[in-house]
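Chain naming here is simple, since letters A, B, ... match the order of the sequence lines and numbering starts at 1 in each. Predicted model only: the values in this text are computed from it and were never measured.
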2 protein chains.
Amino acid sequence: MGTVDGESEPMGTSRTRGRAARPRQGASMADVARLAGVSSQTVSRVSNGFAGVTEDTRRQVLDAMRELGYRPNSAARALRRGEFRTLGVITFSLSTMGNIRTLEAIATSAAQHGYAVTLLPVAVPTQDEVNGAFSRLGELAVDAVIVIMEIHLLDAATVSLPPGVQVVVADSDAGDRYTVVDTDQAGGARDAVRHLLDLGHQTVWHLAGPEGSFAAQRRANAWRDTLAAAGRVPPPLVRGDWSAESGYRAGLRLADEPDCTAVFTANDQMALGLLRALHERGLRVPGDISVIGFDDIPESASFLPPLTTIHQDFAEVGRLCVEGVLSKMRQDGAEHGTTLVPTRVVVRESTGSPPGR
Amino acid sequence: MGTVDGESEPMGTSRTRGRAARPRQGASMADVARLAGVSSQTVSRVSNGFAGVTEDTRRQVLDAMRELGYRPNSAARALRRGEFRTLGVITFSLSTMGNIRTLEAIATSAAQHGYAVTLLPVAVPTQDEVNGAFSRLGELAVDAVIVIMEIHLLDAATVSLPPGVQVVVADSDAGDRYTVVDTDQAGGARDAVRHLLDLGHQTVWHLAGPEGSFAAQRRANAWRDTLAAAGRVPPPLVRGDWSAESGYRAGLRLADEPDCTAVFTANDQMALGLLRALHERGLRVPGDISVIGFDDIPESASFLPPLTTIHQDFAEVGRLCVEGVLSKMRQDGAEHGTTLVPTRVVVRESTGSPPGR
DNA sequence: CTAAGCAATGTTTACGTAAACATCCACTGG
DNA sequence: CCAGTGGATGTTTACGTAAACATTGCTTAG
């Protein structure tokens with residue numbers, strides 16, 4: 001019984017008053033208790049794995065549970081315990097690979113800790129929408145929140161969190177105001193630039209992400225700093241919007257720069273478009289121009305040529321977000337701070353020595 | 001005991017017992033009611049936008065709410081109402097673009113209907129894991145479930161759903177047992193093959209997805225059927241695993257087939273790898289071989305050459321899943337059935353006439 | 001042998017909300 | 001002028017669980 005459609009009308013459990021909106025849930029603790037011949041408190045104890053219940057009694061209760069198909073009612077449980085065992089994740093459209101992978105890791109990690117994950121999509125990344133998401137938060141069944149978002153929208157947000165709801169921010173930059181977990185953007189960008197300089201390039205061009213993005217900004221800053229530290233002159237910054245299409249447009253432009261021998265693109269998608277543009281213009285990679293990306297999306301190994309790129313460990317970011325938020329829940333007064341997840345260079349075939357050598 | 005109401009300690013939000021585990025939530029209805037000088041029921045009425053409250057009273061209550069920062073307690077609400085206003089989404093790793101886009105659409109659409117979305121990741125797509133997810137479902141705070149999954153695992157699953165929890169399955173094939181929303185895989189595959197035949201190709205090779213996948217199976221079947229209907233002989237089937245890497249391997253193999261002039265790959269990622277392999281072997285696309293993909297991922301417009309492919313409307317799939325599950329919740333006895341979302345051919349530059357012509 | 005101690009189990013109560021029912025009061029029409 | 005009507009608001013109660021406290025009965029030290 002209790003199979004697929006569970007619809008079953010005829011058998012009414014105790015409550016046949018018919019007042020409930022929905023063809024009510026199955027058995028309650030009281031029902032189980034009655035069948036097992038114990039008190040509901042004992043059922044509760046068994047249900048929560050408490051000690052202090054005879055093996056005999058426990059078995060009886062478990063049998064009764066099975067027979068009635070008992071499932072704890074999570075609403076009642078949450079009400080009683082004052083916690084939902086649920087984490088909320090606020091994010092923009094899941095259009096970037098990074099966000100998705102992070103989300104996935106969050107969900108997995110949360111599940112391991114016995115937490116569910118509720119998605120709070122923010123349709124449009126406007127201030128209003130973000131504020132709205134935060135205020136809806138209050139009546140949402142979550143114990144804590146992980147925000148995957150460009151922080152500058154958070155910044156201005158009148159973030160009035162319900163008391164006791166902790167927040168961890170991923171992919172951002174506000175260690176003083178929130179607990180932040182992020183990829184080591186600067187380190188990755190530095191490694192990318194160094195990789196190209198080490199190959200003998202005089203300087204490195206940068207195809208950056210959109211202006212509003214913190215990740216883009218940090219990668220661009222590190223690019224500039226690394227060049228400066230090596231005594232090189234940074235060429236003008238070229239901007240894209242993360243999309244392959246914008247990479248293509250940038251590529252057409254860079255193809256006309258005679259002394260451009262190396263490009264660091266702020267993500268792999270733009271590198272893809274860039275490669276296409278260079279190919280169209282008859283420039284060879286890495287023969288004429290070297291290209292290094294950022295992210296290491298699975299497809300990048302199959303680009304033409306396979307892309308050298310900076311690998312981000314999104315799974316680790318997600319995992320740390322969950323760890324962080326759970327630990328903050330345990331000890332309320334925890335300090336804010338930033339945890340950086342290291343990157344690593346993945347050398348494939350899109351980078352090499354400059355043409356002249 | 002007579003309602004103490006008036007007297008007793010003047011301040012202190014009723015619950016100063018300090019028994020709650022967590023620094024409890026903010027104000028409750030009772031607190032608001034006290035401050036506004038009304039009964040908690042009136043607060044409830046205001047909170048739920050009921051008619052039959054004087055404008056004066058309403059304002060007073062709203063003021064009190066604001067002052068105390070009142071947020072309805074969703075656990076209590078769910079307990080009382082018997083519904084969570086939450087949809088569960090069961091899915092494997094969010095590694096495929098399609099699943100993600102579908103999920104995103106589900107979240108957005110659910111939000112529009114006032115529902116939240118809870119993620120139930122299934123770590124490994126094994127029978128046990130799936131069963132586990134379904135049984136955990138019972139104690140999860142969801143009113144209905146959307147499953148994004150290859151159905152053959154569902155098939156054998158001893159799906160015992162909690163009573164009253166409706167299910168809609170996306171991307172699958174079991175209209176007789178569940179309500180299903182899916183892309184018109186067969187139609188898309190048919191269009192892909194026809195597109196190539198129309199260009200003059202004698203026949204079309206197929207790089208299929210993994211054996212276990214229903215989507216892969218249906219695309220492959222439609223490929224075979226369409227060829228048969230046109231009186232062509234289907235070449236041997238080549239199998240990949242959705243990854244670009246597997247497409248690359250298949251491409252190396254197909255490059256050796258002298259009479260292969262057209263390939264239909266079951267997704268865009270594999271097409272990417274295929275393109276790389278063909279390029280390596282000195283074959284030109286579409287000059288020597290035409291390639292058509294499936295999915296229309298954003299990057300496919302930037303492949304080398306830009307990929308002709310079959311566009312899937314994941315957003316629509318997600319939207320229909322939500323509509324479907326909500327409508328099933330309203331009228332319990334709804335019939336199962338399958339809703340197909342049409343695809344369309346996006347012609348770019350990877351397909352053309354066969355070499356001989 | 002008895003009281004203390006303790007393990008197993010039962011009883012009471014509160015969590016915050018909202019449905020159902022009860023009350024109050026200002027009008028209206030006869 | 002009063003019963004009737006209906007809108008505004010208050011009171012009671014139950015939703016299912018689990019903490020706190022109460023009870024029972026058995027074991028064991030003195």
*Shortest side-chain distance from A:Arg81, nucleotide among D:dT17, C:dA18, D:dA18*: D:dA18
*Check whether any side-chain N or O of A:Thr42 sits under 4.0 Å from OP1 or OP2 of C:dG10, and answer yes or no.*
yes
_What's A:Thr57 touching, base or sugar-phosphate or nothing? Going by heavy atoms closer than 4.0 Å._
sugar-phosphate
*Report the nucleotide, chosen from C:dT9, D:dC15, C:dA18, that has the shortest atom-to-atom distance to any side-chain atom of B:Leu79.*
D:dC15
*Choose from C:dG16, D:dT17, C:dG10 the nucleotide whose nearest atom is closest to any side-chain atom of B:Ala76.*
C:dG16
*Output the single nucleotide from D:dA19, D:dT9, C:dT17 whose closest atom is nearest the side chain of B:Pro72.*
C:dT17
*Taking only the side-chain heavy atoms of A:Ser28 (C-beta and beyond), determine which of D:dG16, D:dT9, C:dT17 contains the nearest atom.*
D:dG16
*B:Arg45 CZ to C:dG16 P: how many Å, rounded?*
20 Å
*Quick one: which of C:dG10, D:dT17, C:dA18 gets closest to the side chain of B:Arg80?*
C:dA18
*Between A:Arg77 and D:dT17, is there a side-chain N or O to OP1/OP2 distance below 4.0 Å?*
no
_For a quick test of reading the model: is some side-chain N or O of B:Thr54 closer than 4.0 Å to OP1 or OP2 of D:dT9?_
yes
*Kindly point out which of C:dA19, D:dG16, D:dA18 is positioned nearest to the side chain of A:Ser44?*
D:dA18
*Compare the minimum distances between each of D:dA19, C:dA19, C:dG10 and the side chain of B:Phe50, then state the nucleotide with the smallest one.*
C:dA19
*Is A:Asn73 near enough to D:dC15 that one of its side-chain N or O atoms lies under 4.0 angstrom from OP1 or OP2?*
no
